[in-house]
Amino acid sequence: MFPTSETGRDDGIRINPSILAADFANMQAELARIATADFVHVDVMDNHFVPNLTFGPQMVERVQATSPVPLDVHLMIADPDRWAPGYAEIGAASVTFHLEAATEPVALARRLRDIGSRAGVAVKPATPVESLFDLLDDFDQILVMTVEPGFGGQSFMPETMPKLRRLADEARRRGSSVWLQVDGGIGESTIAQAAEAGADTFVAGSAVFGAADPANAIAGLRAAAARAHAH
Ligand SMILES: O=C(CO)[C@H](O)[C@H](O)COP(=O)(O)O
Ligand SMILES: [Fe+2]
C-alpha cells in the first residue's frame, strides 16, 4: 500500500511531519499546512513505554478524517500486540510499533498487513538492528530512532548512524524494498547524515511545524535529502 508513486512523487524520499510539534488546539489548520508532505506522523504515547502521554485512537481517528495526507502512526506504547491493530482499523497507512515492547513482532506485522496497513517496527537508540536482518520481508518499514522516544525537540544522536548504515547495507544486499525511517532531531542540518547512512523516510516535527512556512521547510528537507542521496 501507498508506494511512493501514490503520494505523487517517485524520488524515493518521504518527508513525514510529526504533529507532536503542532498546535493541538488547531489541529485541522495545522494539518492543512502540511499538504505537500508524504504522510503525517502521529506519535501515540501511553505514559508507560515512554514518560509522556499524547493521543489515543479517538484522536487519531479524527486526524485520519481531517488529514490531507495519509497517516504514519508511531506507537510508543506497551503491549502493541493488543493495541496496534486498532490503529490499522482506523485506516492508518502505516502502523509502527516498538520492537522492545512487542511479544510477537512478526505475527503482529502480519496482522497489520492483513488489515491493510503498512507494518513498521521501531528500535530505540540502544537497541541493535541485527535481529531484524532475517525479518526484512516481514516489515514494510523500519524506524531507527535518532533520539530517545518520548519528546519532540531533542537533539539528533549521530551515534545511531552506524547502526542505520548496517541495516541499509543489509537491506541492499538482500534486495529488500523496506523503507528506512529516522525520527528525532531531523532538520536541514542533520537530514543529510541520515540520508547518507541510508534513510529514505524522514520524520520532522519542530523543523516543519516550528517553521514560518511549513511547505517551504518540507521542500528544503526534501532537497537536502535528495542531494545527500545523489552524493
Ligand atoms: O517520536 C518522536 C519522539 O519520541 C517524534 O516523532 C520526534 O521527536 C519528532 O520531533 P522532532 O523532529 O522535534 O525531534
Ligand atoms: Fe515519532
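Counting starts at 1 for both ligands and their atoms, following the listed order. All values derive from a computational prediction rather than experimental measurement.
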Worksheet item: Can you tell which of T96, I186, N16, D43 gets a heavy atom nearest to atom 2 (C) of ligand 1?
Response: D43

Worksheet item: Evaluating non-hydrogen atoms only, which member of F202, F209, F151, F156 is closest to atom 8 (O) of ligand 1?
Response: F151

Worksheet item: Touching ligand 1 at all, A21? Heavy atoms, strictly under 4.0 Å?
Response: no

Worksheet item: What do you reckon, does A207 put a non-hydrogen atom under 4.0 Å from ligand 1?
Response: no

Does a side-chain heavy-atom distance below 4.5 Å link [X] with [Y]?
X    : Y    : result
Q193 : L164 : no
P85  : L108 : yes
V42  : S67  : no
L132 : V123 : yes

Discussion item. Just verifying a value: how many Å separate L136 CG and L167 CG, rounded to the nearest 0.5 Å?
Written reply: 6.5 Å

Counting each atom of ligand 1 from 1 as listed, which ones have a heavy atom of [X] under 4.0 Å away?
X    : answer
H74  : 1 (O)
G152 : 8 (O), 10 (O), 13 (O)
P149 : 4 (O)
V203 : 6 (O)
H41  : 6 (O)
A204 : 12 (O)
G153 : 11 (P), 13 (O), 14 (O)
G184 : 14 (O)

For [atom], which protein heavy atom lies nearest, and how many Å away is it?
atom                    : value
atom 4 (O) of ligand 1  : G150 N, 2.8 Å
atom 12 (O) of ligand 1 : G205 N, 2.8 Å
atom 7 (C) of ligand 1  : D183 OD1, 3.0 Å

Worksheet item: Of the non-hydrogen atoms in I186 and A204, which two are nearest, and what is the gap between them?
Response: O-CB, 3.7 Å

Discussion item. Restricting to non-hydrogen atoms, name the atom on V73 and the atom on A92 that form the minimum distance, rounded to 0.1 Å.
Written reply: CG2-CB, 3.7 Å

Worksheet entry | Among D169, D137, D134, the one residue meeting salt bridge (charged side-chain N to carboxylate O under 4.0 Å, His left out) with R174 | D134

Close N or O approach ([X], ligand 1; < 3.5 Å):
X    : value
S206 : yes
M76  : no
G185 : yes

Discussion item. How about CD on E148, more than 12 heavy atoms from neighbouring residues, nucleotides or ligands closer than 6.0 Å, or not?
Written reply: yes

Worksheet entry | Other residues, nucleotides, ligands: >12 heavy atoms within 6.0 Å of R62 CZ | no

Item to complete: Report, rounded to 10°, the angle at the Fe ion (ligand 2) between the two atoms ND1 (H74) and OD2 (D183).
Response: 90°

Worksheet item: What N, O or S atom of D43 is found closest to the Fe ion (ligand 2)?
Response: OD1

Fill in: Identity of the N, O or S atom of H41 lying closest to the Fe ion (ligand 2)
NE2

Worksheet item: Ion pair present between D81 and R111, side-chain N to carboxylate O less than 4.0 angstrom?
Response: no

Worksheet item: What class does the angle between the rings of F39 and W179 fall in, given that below 30° is parallel, 30 to 60° is tilted and above 60° is perpendicular?
Response: perpendicular

Worksheet item: Taking D72 as the fixed residue, which of R118, Q181, R14 is the one that meets the side-chain hydrogen bond (donor to acceptor under 3.5 Å, both in side chains) rule?
Response: Q181

